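Each chain gets a letter, A, B and so on, in the order the sequences are listed, and its residues count up from 1. Just so it is clear, the model here is predicted, and its values are computed rather than measured.
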Amino acid sequence: MGVTVLQQFPVPENKTGTYVIEMLSKRILALGATQQGQFLVDCESYLSHPQMGTTKTVHILHNSEQPASVFSILESGNKNIHVIADGLFDLFMIKLSQHYTSKKQTKIESKGPRFELGDFCIKLGSVTMNQSFKGILIEVEYRPCVTANAVWGLLREFLQGLLGSSTVIQPPQHLKNRMSEIYTPIDTVHQYLELFSAYRKTTALRVQ
Amino acid sequence: MNPSINVEQLNSALTSLRTLRSSVSQVFEALSNGLRADHGEDGKEKFLLELQELLNNVNINLRDLEQTTNGLPIPTGSFNLGNTTYLSQETTQDRQALYTQLVNSYKWTDKVHEYSSFAHSILSQNSLRRSYANSGSTKRRGKLQSNHNVPPGQVDNVINTIDRSYTDMKITISRPYASNAVVQISLGHVLKAVVAFKGLLMEWVMVKGYGETLDLWNESRHNVFRKVTENAHAAMLHFYSPTLPELAVRSFMTWLHSYVNLFSEACKRCGCHLHHTSLLPPAWRDFRTLEPFHDECKQ
Amino acid sequence: MSAANAAPITATDSLTQALKANIIPNQEYLLQGSVLDSAVEVLLHRLRGLCDNVDAGPETFDDQEVCFSLRDPNQQAAPLMLRVRKALDARDMPFQLRYIGQPDLGDKNRPTVVRSSLDIACSGMLIEFLNELGCRIEFEYSVKGYMFRKGRMKITVAKVFKISQSAMPPEPISQSYLVELSVLAPTGQDAIAEDMRAFADQLRPLVQLDKIDYKRLGHMPS
């Protein structure tokens, strides 16, 4: 697992999400990338029962890059505790349905094509929540390197070349505190959760 | 004191023993076949005549055997059978598996012989030699000797000194192939390398990423580390010095250590991290200045 | 080309498919018994003769188990029991989170205890996660012994110890070894219970493996 960075790509006013994805795909394919299937990252959240004290949220995320794992992040106050489990963890959450109820309407996912270009892996995701389109998320992974601070300059150069020099590239919030640690898949999941939580609060955009 | 064993006498004794055995088995064969078609009408008489002849043969052979064995000296004391004494310990041939083992080791030595002769004919066509091996001629005593054939202790010392001089480069030595060292190097969180030595001469380098399993033969999954391996081989040949092998190893290690900034430094010539066509970071390090360059940008 | 680029199947979809196909092992069939310390060697010998995985000696294990309970907010249903097991002799292995349901009372003639159980491998900060989730620690203990396997059946012969706070060696809670014979299987495969009963009969009279009626043991968490 190499260092991965998520960036939001703004959708211009008079354009649709599908148009933007197609334009970016053409750009990436022109650089020499090959498409290697599709990817899917989804997130479902469970809220604790009010009688159990302060409200806690359990987010369950799946990433098609690690198909046999289920990522679970518990938010309580300003504490974030994560657990990585195997596929049966979903059934376990169903058993906990008395204590933690799922908010089905906030189920959010990012889905789209996946490209490989040299040592890079690029994913263009359309974010949808309950069939309504929310935005575009681009995920870029540089596989050979496992520490963020060593590779940040390189990633920024690549992203600027890909997205155009008008977009501002910032290191993701989650990574800012752990630039010198070994990067693991849960860090990617944290980044998705941050951006999904932001998307949940915005209104829907036009798709077609 | 054993009288000296005369091999020829023994051989003739063994031959006469064998002829005796074959004539005895002929007797039994004739008896078991009984009357045959070509005995004709006076079958019984011819059969008996044949039998008598065979028995006479047996007698002659027996006398021959007695003569030859009488001439053999009687050994005093016991024979030193060496390892062959163990052959008598397990009487059942099947349980010994001796035959299959013998066949396998014969096949193996045969193959080794064949392959080494092929290798010799191919490798001798390469005129670029790194060691000055005297080709048998005594006239060339004044020629430079390559002195990288040093005892393992000295190799260990050289490598340990290099290990101590760099804090972010961890070096471990192992010897899986007899006395030649195989050195594993771990450079910060950037890369891992394994170098195979012959004495103090570096023979093979493989560079892989931090998260990969390290072995001598499998290439890295990442293009950048495959490029670094190629460059490392070039460096290994560049730094080769037959008269100062320690300096060669030290220079190579210094050069390899400069890769600690593989992802964080941009190319000195074009100023970018990634080259615009190959999308690789600067994987070349200049041999003198240790500055990073892209493969395509190096002067 | 299009098949390789098809959208990946979501995790919930694959889970519902697996549930429909009845391949998820979510039930445990269990028989338990005990054998005194003095008699355990003979039992181990007999198990070595009967079981599969004993080429290089029986497999040993050394685990620590912590039991949590999660109370129902409405105070209606019984509290949820969860167990977390970690291997003390193999620190790199993930934790095992186990949800164990109430035993299925149903048929008195069933040869074994049947209860729903989910075994999930976890890594990360599982204990803190469960604490934040609202679970309370009920008790903990450590267990050390041997594990045998025969086909799908797992047999453990282990000694249960109290967790010692100081550096003293852990203290056993009894002079005997706990023997458990269990199988994890999807629902509806009751034939395996018969096989288990047959195997348990082969271990008599060294150890009697039976269903334990937990209700009769008093209201202790099972």
Side-chain angles (χ1 to χ4, degrees), chain A residues 1-5 7 24 27-36 65-66 69 84 115-122 138 140-165 169 171 175 178-188, chain B residues 167-170 186-193 206-214 218-232 257-284 292-297:
Chain A
M1 176 96 240
V3 178
T4 312
V5 167
Q7 288 287 328
L24 285 172
R27 220 189 266 179
I28 293 177
L29 289 169
L31 282 173
T34 50
Q35 181 168 357
Q36 303 282 345
E65 203 71 14
Q66 282 91 30
S69 307
I84 307 162
F115 301 92
E116 283 185 16
L117 176 58
D119 290 327
F120 287 92
C121 177
I122 305 146
I138 302 186
V140 174
E141 179 189 353
Y142 185 60
R143 287 198 288 245
C145 186
V146 294
T147 42
N149 60 357
V151 81
W152 176 248
L154 195 151
L155 272 175
R156 187 171 46 193
E157 204 178 282
F158 183 77
L159 278 168
Q160 266 179 335
L162 186 64
L163 306 178
S165 45
I169 316 278
L175 276 190
R178 30 169 72 79
M179 292 295 265
S180 51
E181 286 171 19
I182 306 275
Y183 194 87
T184 51
I186 191 75
D187 295 316
T188 312
Chain B
T167 48
D168 52 0
M169 193 155 91
K170 220 163 46 96
S186 154
L187 187 61
H189 289 311
V190 178
L191 59 81
K192 289 199 276 206
M206 182 60 77
V207 178
K208 288 174 120 168
Y210 185 77
E212 299 182 274
T213 45
L214 191 61
N218 291 326
E219 280 198 332
S220 170
R221 251 181 281 155
H222 307 295
N223 295 340
V224 59
F225 290 118
R226 284 195 218 149
K227 184 60 74 174
V228 174
T229 307
E230 274 175 32
N231 294 342
H257 179 259
S258 71
Y259 274 96
V260 71
N261 57 8
L262 174 63
F263 300 117
S264 40
E265 284 288 324
C267 166
K268 278 282 181 290
R269 184 148 176 238
C270 62
C272 292
H273 282 284
L274 296 170
H275 190 258
H276 55 90
T277 32
S278 67
L279 288 179
L280 288 174
W284 177 264
F293 289 100
H294 287 124
D295 252 24
E296 298 85 346
C297 295

Pairs table: donor-acceptor atoms between chain A and chain B closer than 3.5 Å:
residue, atom, partner, partner atom, Å
D119(A), OD1, N223(B), N, 2.8
D119(A), OD2, N223(B), N, 3.4
D119(A), OD2, V224(B), N, 3.0
A150(A), O, S264(B), N, 3.3
E157(A), OE1, H273(B), N, 2.6
E157(A), OE2, H273(B), N, 2.9
E157(A), OE2, L274(B), N, 2.7

Inset, instruction - Nearest 0.5 Å please: distance from the CD atom of Q35(A) over to the CD1 atom of I122(A). - result: 11.5 Å
Inset, instruction - Answer with side chain, backbone, both or neither: which region of L262(B) has an atom nearer than 4.5 Å to a non-hydrogen atom of chain A? - result: neither
Inset, instruction - Determine the minimum heavy-atom distance between L274(B) and P281(B), stating which atoms define it. - result: CD2-N, 4.1 Å
Inset, instruction - Answer with side chain, backbone, both or neither: which region of L31(A) has an atom nearer than 4.5 Å to a non-hydrogen atom of chain B? - result: neither
Legend entry - Closest non-hydrogen atom pair between G32(A) and L117(A), with its separation: C-CD1, 3.6 Å
Legend entry - Distance, nearest 0.5 Å, that separates CZ of F293(B) from SG of C267(B): 6.5 Å
Legend entry - C145(A) versus A150(A), closest heavy-atom pair with distance: SG-CB, 4.2 Å
Legend entry - Working for side chain to side chain contact (heavy atoms under 4.5 Å, CB included), residues I28(A) and F120(A): CA-CA 11 Å; I28(A) 293 177; F120(A) 287 92; over 6 Å; no
Inset, instruction - For residues V228(B) and A283(B), report the shortest heavy-atom separation together with the two atoms involved. - result: CG2-CB, 4.0 Å
